[in-house]
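See below for the structure under consideration.
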Amino acid sequence: MLQLKFLLENKDIVVSRLKIKNFNAENIIEEIETLNNKRKKVQTELNKLQEETNKNARLIGTLVKENKTKEVETLKLNLTNIKEKIQILEKELKNIEKDINDKILQIPNIPHLSVPAGKGSTDNIIIKTGGPEPKPNNLLPHWELGKKYKIIDFEAGVKITGGGFPVYVEKGAKLQRALVSYFLDKAIEQGFKEYIPPYLVNENTAFGTGQLPDKEGQMYKIEEDNLYLIPTAEVPLTNIYKNTILNEDELPIKLTAYTPCFRREAGSYGQNVRGLNRIHQFDKVEIVVIEHPDRSYKQLEDMVSYVESIVISLNLPYRIVKLCGGDLSFTSALTYDIEVFSMAQNQWLEVSSISNFETFQANRMNLKYKDKKTGKNFLCHTLNGSALALPRIVAAILENNQFEGGIKIPEILIPYTGFSIID
RNA sequence: GGAGAGAUGGCAGAGUGGUUGAAUGCGGCGGUCUUGAAAACCGUUGAAACCCGUAAGGGUUUCCGGGGGUUCGAAUCCCUCUCUCUCCGCCA
C-alpha cells in the first residue's frame with residue numbers, strides 16, 4: 001500500500017501515473033484527504049483532553065499523599081466527564097483511521113515512469129529475444145510426451161487429488177529434483193542466501209506481500225487454523241523481514257528458496273491449462289531482494305539478467321517482456337516477464353516474472369532501513385522473481401528437445417539428473 | 001491434547017497501581033586520549049501520529065506480545081487470544 005503522506009503530497013502525480021494502470025484514483029484520494037483532515041482535527045482535540053487528564057491524574061497522586069481528600073473528590077468528578085469525551089473521540093479516531101486504511105488498500109501501486117500504457121498482455125513490449133530460433137514444429141506436446149515416456153502421470157493426480165495436480169514418475173521426478181538443485185546452486189552462486197520457509201502462512205503474512213486482501217480467492221485456505229498455503233515463496237521469504245528496521249549497510253538482502261506453490265487458479269480454462277501450463281501445485285525457486293530505494297532499479301535489471309542467464313544455459317528460445325500498465329499486477333511498479341517458446345505448442349510460456357514493488361510491500365510489512373546520514377527511517381524497496389518456475393520449463397525442455405529416440409536433457413543438467421536422455 | 005511458568009527497548013535484565021518511555025549492563029553512534037587501533041573515560045542512543053515553526057528545533061499523545069476491561073491514574077490488577085519454556089501424553 002502507498003503511504004498516506006506520499007499519497008496526499010503527490011496527488012497529481014499519483015492520479016496521472018495510475019492512469020497507466022487504468023485506475024482512476026481521483027475520487028478516492030479526495031475522500032482520503034477529507035478523512036485525513038478530519039482525523040487530524042480529532043486527534044488534536046483528543047490529545048489535548050488526554051494531556052489534561054494526565055496532568056490531573058498526577059495532581060491527584062500528590063494530593064492523595066497530602067491527604068487532601070476533598071480536592072481529590074472534585075477533581076475525580078471533573079475527570080469522569082472528560083473521560084467520557086475521550087472515549088467518544090477515541091472511537092471516532094479509530095473509525096476514521098480504519099476508513100482511511102480501507103481506502104488506501106484499494107489503490108494499486110504506482111507504475112514506474114518507464115511502464116508503457118496498454119490494456120493487456122498484447123500491449124506488452126518485447127525487450128529482447130534470444131536462444132535458439134523459435135520455430136513452430138509439429139512436435140508432440142508435453143502432455144503426450146509425459147505419457148509416452150511414463151514420466152508425468154496426470155491421471156494418477158486426478159485420482160488422488162484432482163485436476164492440476166500432476167504426478168511425476170521416475171526420470172520425470174528426477175528431472176524436477178535436478179532443476180531445483182540446479183536453480184538453487186546458481187542462486188547461491190549469485191549471492192542469494194538459501195532458506196526453507198514454511199509452506200503455510202498466517203493472515204498477516206499474506207497481507208504483508210499483498211496476497212490479502214486482493215487475491216484471497218487465489219490461495220488455498222486452511223479454515224480451521226486460519227492459515228494459507230503459499231502461492232509463492234515470495235510470501236514467507238519477504239515476510240521474514242516484517243516489522244524490521246535494518247541498518248543501511250545491511251542492504252541489499254538477497255534471499256532464495258525452493259518451495260512448492262499452491263494456487264487455486266479459479267476461473268482458468270481451456271488450452272492455457274492443458275498439461276503443465278497451469279497447475280494447482282508446482283515447484284519454484286524464488287529470489288527475493290530487499291534493497292535501498294536508490295539502487296532498486298539497478299537491482300531489478302541485475303535480477304532480470306540473472307534469470308536470463310539461466311534460461312540461456314538451458315538452451316531454450318526466450319524473450320524478455322516489459323509489462324504494460326494494464327498487465328501489471330496491483331502491487332508491482334515494474335515487471336519483466338521471461339517467456340520461453342514451446343515449439344510443439346507454438347506459444348510463449350511465462351516462466352518468470354521479476355518485479356520491483358518499491359515501498360508498496362515494505363509499507364504493509366513495516367520494513368525500513370535507518371539512513372546513515374540523517375538517522376531517519378525510510379521504507380525499503382522489495383523485489384522478487386521466479387528463478388525459475390518448473391512446470392513450463394519442464395514443458396519446454398520436453399517439447400523442444402524431443403527427437404525420434406527420446407528427449408535430450410540440456411547439457412548443464414546432466415550432472416544433476418545423472419542421465420542424458422529420457423526414453 | 002493435559003498441567004504449570006512466562007512474554008518489558010537491538011540484546012540481556014530490573015520494575016507489581018502515582019513524573020517509568022521505562023533502572024542497570026551489553027551492543028550501536030559521537031567525542032577525549034593514541035601515529036593508528038584497543039582499553040579507559042565522557043556524552044548520546046526506541047517507534048508512530050498530531051500541534052507550533054520556512055527550517056533548525058520545541059511541545060503533546062499513544063505504544064512494555066495482540067485485543068478488551070477495572071481505575072482519577074496501569075508495564076504493574078482482571079478477562080481473552082497468540083506465542084515461548086518445563087513436565088506428562090501422543091508421534092514422523
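Each chain gets a letter, A, B and so on, in the order its sequence line appears, and its residues count up from 1. Hydrogens, waters and symmetry mates are skipped; everything else that's a heavy atom, side chains included, is used.
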Considering only the [atom1] atoms, how many Å lie between [N] and [M], rounded to the nearest integer?
{"N": "B/rG13", "M": "B/rA23", "atom1": "C1'", "value": "10 Å"}
{"N": "B/rG31", "M": "B/rU19", "atom1": "C1'", "value": "31 Å"}
{"N": "B/rC50", "M": "B/rG36", "atom1": "C1'", "value": "49 Å"}
{"N": "B/rC33", "M": "B/rC42", "atom1": "P", "value": "16 Å"}
{"N": "B/rA75", "M": "B/rU8", "atom1": "P", "value": "15 Å"}
{"N": "B/rA22", "M": "B/rC79", "atom1": "C1'", "value": "26 Å"}
{"N": "B/rA39", "M": "B/rU34", "atom1": "C1'", "value": "11 Å"}
{"N": "B/rA55", "M": "B/rU45", "atom1": "C1'", "value": "24 Å"}

Check the distance between [N]'s [atom2] and [X]'s [atom1] and give it to me in whole angstrom.
{"X": "A/N226", "N": "B/rC83", "atom1": "CG", "atom2": "C1'", "result": "16 Å"}
{"X": "A/N37", "N": "B/rC50", "atom1": "CG", "atom2": "P", "result": "11 Å"}
{"X": "A/F378", "N": "B/rA47", "atom1": "CZ", "atom2": "P", "result": "12 Å"}
{"X": "A/E45", "N": "B/rU61", "atom1": "CD", "atom2": "P", "result": "16 Å"}
{"X": "A/Q43", "N": "B/rG59", "atom1": "CD", "atom2": "P", "result": "18 Å"}
{"X": "A/K40", "N": "B/rC51", "atom1": "NZ", "atom2": "C1'", "result": "10 Å"}
{"X": "A/K38", "N": "B/rC50", "atom1": "NZ", "atom2": "C1'", "result": "17 Å"}
{"X": "A/D225", "N": "B/rU82", "atom1": "CG", "atom2": "P", "result": "11 Å"}

**Where protein sits on nucleotides 65-78 of chain B, one letter per nucleotide: B base, S sugar-phosphate only, - none, heavy atoms under 4.0 Å** = ---S--BBS-----

Taking a pair as Watson-Crick or G-U wobble with both distances under 3.5 Å, which nucleotide is matched to [N]?
{"N": "B/rA47", "result": "B/rU62"}
{"N": "B/rC72", "result": "B/rG18"}
{"N": "B/rG1", "result": "B/rC88"}
{"N": "B/rG6", "result": "B/rC83"}
{"N": "B/rG25", "result": "B/rC11"}
{"N": "B/rA37", "result": "none"}

**Message:** So, does A/K376 get its side chain near the phosphate of B/rA47, meaning an N or O under 4.0 Å from OP1 or OP2?
**Reply:** no

**Message:** Check the phosphate of B/rA47 against A/K370, side-chain N and O only, distance under 4.0 Å to OP1 or OP2. Yes or no?
**Reply:**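 For A/K370, the contact criterion (side-chain N or O under 4.0 Å from OP1 or OP2 of B/rA47) is met.
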
**Asked** When rounded to the nearest 0.5 angstrom, what distance separates NZ in A/K242 from CZ in A/F207?
**Response**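 Answer rounded to 0.5 Å: 10.5 Å.
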
**Request:** With rounding to the nearest 0.5 Å, note down the distance linking CZ in A/F262 to OH in A/Y220.
**Result:**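 Interatomic distance, A/F262 CZ to A/Y220 OH, rounded to 0.5 Å: 9.0 Å.
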
Contact class for [X] vs. all strands (heavy atom < 4.0 Å): base, sugar-phosphate, or nothing?
{"X": "A/E51", "result": "sugar-phosphate"}
{"X": "A/K368", "result": "sugar-phosphate"}
{"X": "A/N247", "result": "nothing"}

**Message:** Can a donor-acceptor pair be found, under 3.5 Å and without considering hydrogens, that links the side chain of A/N363 to the backbone of A/L2?
**Reply:**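 At least one qualifying donor-acceptor pair exists.
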
**Asked** Is the CD atom of A/E170 crowded by more than 12 outside heavy atoms at less than 6.0 Å?
**Response** no

**Request:** Look at atom NZ of A/K221 and say whether more than 12 heavy atoms of other residues, nucleotides or ligands are closer to it than 6.0 Å.
**Result:**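 More than 12 within 6.0 Å, yes.
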
**Prompt:** Does A/E33 come within less than 4.0 Å of A/K11, counting only side-chain N to carboxylate O?
**Reply:** yes

**Message:** Under a 4.0 Å threshold between the charged nitrogen and the carboxylate oxygen, would A/K55 count as salt-bridged to A/E51?
**Reply:** yes

**Request:** May I have the step-by-step check of ring pair (Phe, Tyr, Trp, His ring centres under 6.0 Å) for A/F378 and A/H292, ending in yes or no?
**Result:** CA-CA 9 Å; A/F378 296 100; A/H292 192 285; 8.6 Å; no

**Request:** Answer yes if the side chains of A/T205 and A/N202 hold a donor-acceptor pair under 3.5 Å, and no otherwise.
**Result:** yes

**Item:** Contact nearer the 5' end of RNA chain B, comparing A/E90 with A/G375
**Value:**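 Nearer the 5' end of the strand: A/G375.
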
